[in-house]
Amino acid sequence: MEVRTRFAPSPTGYLHVGGARTALFNWLYARRHGGKFILRIEDTDEKRNTAEANQVIFDGLNWLGLDWDEGPDKGGPYGPYRQSERGDIYSKYLAKLEAGGHTYVDGGAIRFRSPRKPVVVEDLICGRIEFDMSNPATHPDMTIRRPDGSWIFHFVNVVDDIEMKLTHVIRGEDHLSNTPKHIELYQALGAAPPKFAHIPLILNHEGKKLSKRDGGSSITYFLDQGYAPEAVANYLCLLGWSPGENRERLDVPEILSLFDLEKINRRNAIFDLDKCFWLNGQHILAMGLPRFAELAKPFVDKAGVPYGTEEALMRALAIVKAKVKHLSDVPAWIGFLFTEDFAFDAEAVEKTLRKPGAAGRLAALAEALGGLGDWTHANLEAKLKEAAAAMGVKAGELVHPARVAVSGRSVGPGLYEIFEVLGRERTLARFGRAKAMAAE
RNA sequence: GACCCUAUCGUCCAGCGGUUAGGACACCGCCCUUUCACGGCGGUAACACGGGUUCGAAUCCCGUUAGGGUCGCCA
C-alpha cells in the first residue's frame with residue numbers, strides 16, 4: 001500500500017519550527033517510502049485564514065525544500081485541501097455518525113457519545129498505550145459541531161484523514177492524549193485508523209513549549225538571519241532523531257537514505273540556536289560557490305552592494321565564503337571591495353596605521369608591489385615577504401597596516417585575495433590614501 | 001487534580017546486561033596562521049533518587065522526585 005502522510009497546519013500567519021519539523025518528518029517518511037506527502041490547511045475556526053497566512057505556510061515549506069504532492073494550491077484526487085471548503089463532506093460523515101446513534105445534541109452543539117471502552121494506541125514511536133476512557137469527567141464527550149454549524153478539529157481531522165487515505169499520522173506528542181478520542185471516531189465511522197507516530201516536542205531554554213516570543217520559533221527568522229535551508233532542515237531533524245555514527249552535518253539525500261521513524265526518540269528537546277548556527281557555517285563551508293551565491297545574492301541585493309558585474313560578485317563571494325557564518329553578513333564582508341567609500345574602523349586604524357613607522361612601511365610596500373610582474377596571489381605574497389625581509393621586519397608589520405589600508409578593518413578575507421580582487425591600481429591607490437592617516 | 005509521556009555532560013545525540021560511559025555545540029587551554037574563521041590536539045562536564053532482578057546494571061522491573069503534554073463549542 002502506498003504511504004500517504006500529511007502536514008495539516010492552521011494558518012496562523014507564521015510557520016513554527018515545531019510545525020516545520022513535523023512537516024519535515026512527514027515529508028521524509030513519504031519520500032523515503034516512495035509515497036505521497038499532502039498539505040492540508042486546517043482552517044475551520046481561525047479567522048486569520050487569509051491568503052497571506054496560507055502563503056506563509058507555502059513559502060516556509062518551499063524554503064525548506066519540502067514539496068507536496070497534493071494541496072490547496074495544486075489540487076489532488078481528495079480535495080479540496082482546505083477544511084473551510086469541505087463542509088459537504090463533513091455533513092455526510094456527520095450523518096453517518098447520527099445514523100449509528102453516536103451523537104446527541106447539547107446546547108445546540110453536536111457531541112459524540114464515547115463508547116466508554118478502553119482504547120489502545122499502538123504508536124510507532126511511543127509503543128502500546130492503553131487509555132481508560134470510562135470517566136466522563138476526564139474524558140468528556142467531544143463536541144464535533146458548534147451551534148453555528150462550524151466544525152471542531154478532532155472530527156474534521158479524522159474525517160479528512162480517512163477521506164484523504166492517509167496511512168501514517170506523524171504529529172507532535174501534544175496530540176498523543178487526543179489520539180484515543182480520534183480512534184473512537186474511526187471506529188464509529190467503520191474506518192481503520194492510520195498508523196500513529198507521535199514525535200517529541202521542541203522546548204525553549206526554559207524547558208517550555210517553544211512559543212512565538214522565543215527567538216528562532218518562526219521559520220522566517222532563519223531565512224532573515226541568513227541561514228541556509230539545508231542547514232535548518234539538518235538541525236531540525238537532529239532534534240529527536242539520530243542518523244547514528246555520531247553524524248552531524250548531513251545533506252538531504254543522506255537524511256533521506258538514513259531516516260527511520262523507529263529511530264526517533266521520545267524525549268522533548270530544547271532548541272539550541274548555537275548548534276544550529278554552527279551547522280549553518282558547516283553547510284556554507286561545504287556547499288559549492290554557485291549555491292553560496294544563490295543564497296547570498298538576495299542579501300547582497302537588498303543591501304544594495306554596488307558589485308557591478310556578476311563575475312565581480314562571484315570573485316568577491318569566493319574569497320569570503322569560508323569565513324561567513326550568516327548569509328546576512330555577506331554584504332558587510334564584501335562591501336569594501338566595491339567602493340572607495342568604505343568606513344575605517346577607529347580601533348584598527350589606531351592599532352596599525354597609527355603605529356610608529358607605519359607610513360614608511362606602507363610606502364615601501366607600495367613601491368615594491370608597484371613593480372611587481374603578474375598580480376597574482378603567489379607573487380604578491382612572495383613580494384610582500386621579500387619587502388619585509390629587506391626592511392628587517394616581520395611580515396605582519398606589513399600585512400596588518402596593508403589590510404587596514406585596503407579594507408578599513410583588521411579582520412576580513414585573506415590579504416592577497418583582497419589584493420587580487422581589487423587589482424593593482426585600486427590597491428595602490430588605497431595605500432596612498434591610507435598614508436595620510438598613518439604615523440611616520 | 002486526573003490521565004499520558006519522559007529522565008545520560010549546560011544543550012543535542014549515541015549507548016539497548018559486562019564500555020576508562022562515546023560524539024557534537026558551547027566553554028577553557030595549546031598548535032596552525034597575515035587578521036578572522038577553518039582545521040588539529042587537549043581539558044572541564046552526565047547516567048535524578050531509592051528499592052529490587054542479576055555473578056554483573058546507564059541499560060530490565062517497581063516506587064519517589066522532577067519536567068513536559070492532554071483533559072475546549074482552539075488547532
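Below, chains carry the letters A, B, ... as their sequence lines are ordered, and counting in each starts from 1.
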Just by modelled atom types, is the A:Gly371 backbone N or O under 3.5 Å from a matching donor or acceptor in the A:Lys383 side chain? no
B:C73, OP1 or OP2 - any side-chain N/O from A:Thr143 closer than 4.0 Å? yes
Base paired to B:U64 (Watson-Crick or G-U; both N/O distances under 3.5 angstrom): B:A48
From the candidates B:A2, B:C12, B:A75, the one with an atom nearest any side-chain atom of A:Ala269 is B:C12
Member of A:Tyr227, A:Phe222, A:Phe271 meeting the ring pair (Phe, Tyr, Trp, His ring centres under 6.0 Å) criterion with A:Tyr235: A:Phe271
To the side chain of A:Glu248, which of B:G23, B:C13, B:G69 is closest? B:G23
Distance check: side-chain N/O of A:Lys394 vs OP1/OP2 of B:U34, anything under 4.0 Å? no
Would you find a donor on one side and an acceptor on the other, under 3.5 Å apart, between the side chain of A:Asp345 and the backbone of A:Arg409? no
Nearest of B:G23, B:C4, B:U6 to any side-chain atom of A:Phe131? B:C4
Can you see whether A:Phe342 has A:Arg433 sitting over its ring - NZ or CZ less than 6.0 Å from the centre and within 45° of the normal? yes
Given B:C13, B:C4, B:U11, identify the nucleotide with an atom nearest to the side chain of A:Ile270. B:U11
For B:U34, take OP1 and OP2 only and decide whether either is under 4.0 Å from a side-chain N or O of A:Lys385. yes
Indicate whether OP1 or OP2 belonging to B:C74 is found under 4.0 Å from a side-chain N or O atom of A:Gln83. no
Of A:Glu417 and A:Arg111, the one whose closest nucleotide on RNA chain B sits nearer the 5' end is A:Glu417
Starting the side chain at C-beta, find the nucleotide from B:U35, B:G72, B:C25 nearest to A:Lys275. B:C25
Ring centres of A:Trp241 and A:Phe259 under 6.0 Å apart? yes
Mapping A:Asp272 and A:His377 onto RNA chain B by nearest heavy atom, which one lands closer to the 5' end? A:Asp272
Please determine if a side-chain N or O atom of A:Arg403 lies less than 4.0 Å away from the OP1 or OP2 oxygen of B:C36. no
Quick check for you: among B:U35, B:C4, B:U34, whose closest atom lies nearest to any side-chain atom of A:Lys323? B:U35
